[in-house]
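Contents: one structure, followed by commentary.
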Amino acid sequence: MKTFYITTAIDYVNGSPHLGHAYEKVLTDVIARFRRMMGDEVYFLTGTDEHGQKIQQSARARGVEPQAFVDQIAPEFQQLCARLGISNDDFIRTTEPRHQRVVSQLLQQLFDKGEIYRAEYQGYYSTRQEQFLQEKDRNEDGTWPEIFGEVTQITESNYFFKLGAYQQWLIDHIKSHPDFIFPRYRAKQVLEFLSEPLNDLCISRPKDRLAWGIPLPFDPDFVTYVWFDALTNYYSAVADKPGLWPASFHVIGKDILVPPHAVYWPIMLQACGLAAPQSILAHGWWSINGAKMSKSTGNFVDPIEFVDQFGVDALRYFLIREMSVGQDSDFSMEQFLVRYNSELANNLGNLVNRTLNMTNRFADASIPSPGELGEAEKSLQQAWSQTREEVLPLFEKFQFNMGLEKALQFVTATNAYIEQRAPWKLGKSEAPADQALLRTSLATMAEALRLGATLLQAVTPGSVDKIRGVLGYTATADWPSELNWDYRLSGNPVAKECILFPRPEKKP
RNA sequence: GGGCCUUUAGCUCAAUGGUUAGAGCAGGGGACUCAUAAUCCCUUGGUUCCGGGUUCGAAUCCCGGAGGGCCUACCA
């Protein structure tokens, strides 16, 4: 079986992590965890992109060496991963020797093959954007848009990669691999881009203009520029690990699908004689309160602060529950609180607590064995097998929002089952039949809770472990069998209480 | 200019061309007391953006238009 190798985009360390960074990592983590649970061998990579002009400038502004600067910022992103419960197997930094070595090798290989050539280039250059500008980039009045900062006309010699030679190959590849780009409708955008002739890709910067980069192995006066450095991380991290390449999934934002990931990267690999990734998953963007995220206007969510306030699983749950993968979505405190209160606190959290409470009160804190199952139990079991049947395929297709909705519907069904049996009434009866039904209902609610929680494991792993803990249960490594309704909790001691998702304090 | 996507309940979204267009939340009413003011039940709410067409039958397919979003080119 091939290892399921999945990556996030690497983050440029010129600023602090925001909600978008957090989402991409959580989404990728949920996929990675789900694949592991389904029995796949998974390798999960994330990391940071640490070269380039902006970092060189930021370092200079602070009067430190670029390396010292990135050594200071990179841990912020590693801490973000830790705080978000990200289960990555590796974290690559593009300043690491293992990465630089592979980048050099690939560049040398392509140069030797004649895929890279040197040419003069003259044009307008934006320092801030690290790019040459086209006439079309100008404003109507001939000035350059503010985002480019200072624009100067320069001539320089650079190295170019022959992208165009592989254009038809890529078009054929995309057409013959319908799963290459997810969601599929985005492949159209790529093909649209490829309907025009590709320009060769400038892959270098002269060292006197940009020193902070990986030197070209065949010309020490130049460093390689963004794409050959950044994209290569996916391969460099596993170049010495057999069986991982090609990647199963690159999870990226929709903004870097075209052209880098869907055009440059597969062509780079093809030119190097390496296989293209199996699939690229382009996710959408979060707006905040209906407007674009922006630090300067304060329309901004700090994921770390958020986790501190509400807990990591609450954030993970919201991000995955709210967004349809590939689409854009909006983040607002109002919507978050709706999800948090109604789904996590009231529906699930309260089920946990009432189950514990009743088991304590009516069964001496030990989950009973069920007696003969009645219609109510059979009906709930039926609801479970349907839920299980529906949710797994949804998760397989990354429709986590819909899968979670179904899973929570089962939690609702469990709450409804409890109302129907009303164990608090049975508990007041001395009749043996009522006592037996009481035991059955306590066993059933605990079992249903365990099963419903199991479906949430990839999204809210910590909370699911807590639920198991208060039910006196430790899960096996065989996740699919964890989904079997078999009353395996019988005899387990339960905790006294558990407020999983406390209702947030009302703000004054 | 070319292309792609999108518009369904107050909000967020579902519905291989096939019963009466469905959920969640919000709103209204009721029940219950094990529980985190919780839970459960019932319920109001629709010109499926508009106008044509194809079809026995259209939210769905086709044409035109409007709103919103995105990609891309050219002219200067």
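In what follows, every chain begins at residue 1, and chains take the letters A, B, ... in the order their sequences are listed.
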Between [Y] and [X], does any NZ, NE, NH1 or NH2 come within less than 4.0 Å of an OD or OE carboxylate oxygen?
X	Y	answer
Lys162(A)	Glu115(A)	no
Lys254(A)	Asp328(A)	yes
Asp486(A)	Arg450(A)	yes
Lys175(A)	Asp172(A)	no

Does the side chain of [X] get closer than 4.0 angstrom to OP1 or OP2 of [N] through an N or O atom?
X	N	result
Asn350(A)	U39(B)	no
Lys188(A)	C5(B)	yes
Asn346(A)	U39(B)	yes

[X] has an atom [atom1]; how far is it from atom [atom2] of [N], in whole Å?
X	N	atom1	atom2	result
Gln189(A)	U6(B)	CD	P	13 Å
Gln335(A)	G24(B)	CD	C1'	10 Å
Met445(A)	C40(B)	CE	C1'	14 Å
Met402(A)	A23(B)	CE	C1'	10 Å
Asp328(A)	G68(B)	CG	C1'	12 Å
Arg184(A)	C4(B)	CZ	P	19 Å
Asn289(A)	C11(B)	CG	P	17 Å
Glu343(A)	U39(B)	CD	P	11 Å

Using the side-chain heavy atoms of [X], tell me which of these nucleotides is nearest: [options].
X	options	result
Arg503(A)	G24(B), U36(B), C40(B)	U36(B)
Phe501(A)	C32(B), U36(B), G24(B)	U36(B)
Phe362(A)	C34(B), G24(B), C25(B)	C34(B)
Arg339(A)	C32(B), C41(B), G24(B)	G24(B)
Ala416(A)	U33(B), C41(B), C25(B)	C41(B)

Over all strands shown, is [X] touching base, sugar-phosphate only, or nothing at heavy-atom distances under 4.0 angstrom?
X	result
Glu192(A)	base
Ser329(A)	nothing
Gln409(A)	sugar-phosphate
Asn401(A)	nothing
Ala345(A)	base

Value for OG1 (Thr460(A)) from CG (Leu348(A)), rounded to nearest 0.5 Å, stands at 7.5 Å
Counting distance only, does the side-chain N/O of Asn233(A) pair as donor-acceptor with the main-chain N or O of Asp49(A) below 3.5 Å? no
Where does the angle between the aromatic ring planes of His173(A) and His177(A) fall among parallel (under 30°), tilted (30 to 60°) and perpendicular (over 60°)? parallel
| request: Measure the acute angle between the ring planes of Phe310(A) and Phe306(A), then classify it against the limits of 30° and 60° as parallel, tilted or perpendicular. | output: tilted
Taking for Val411(A) and for Ile499(A) the nucleotide of RNA chain B with the nearest heavy atom, the one nearer the 5' end belongs to Ile499(A)
Between Glu196(A) and Leu500(A), whichever has its closest RNA chain B nucleotide further toward 5' is Leu500(A)
Considering only the [atom1] atoms, how many Å lie between [N] and [M], rounded to the nearest integer?
N	M	atom1	answer
A59(B)	A21(B)	P	9 Å
C11(B)	C71(B)	P	27 Å
C75(B)	G18(B)	P	48 Å
U44(B)	C4(B)	P	42 Å
A66(B)	C50(B)	C1'	7 Å
G10(B)	A26(B)	C1'	7 Å
A23(B)	C41(B)	P	12 Å
C5(B)	U60(B)	P	15 Å

For [N], the Watson-Crick or wobble counterpart (both distances under 3.5 Å):
N	value
A58(B)	none
G17(B)	none
G1(B)	U72(B)
C11(B)	G24(B)
C34(B)	none

Exercise. Answer yes or no: side-chain N or O of Glu419(A) and base N or O of C34(B) forming a donor-acceptor pair under 3.5 Å.
Key: yes
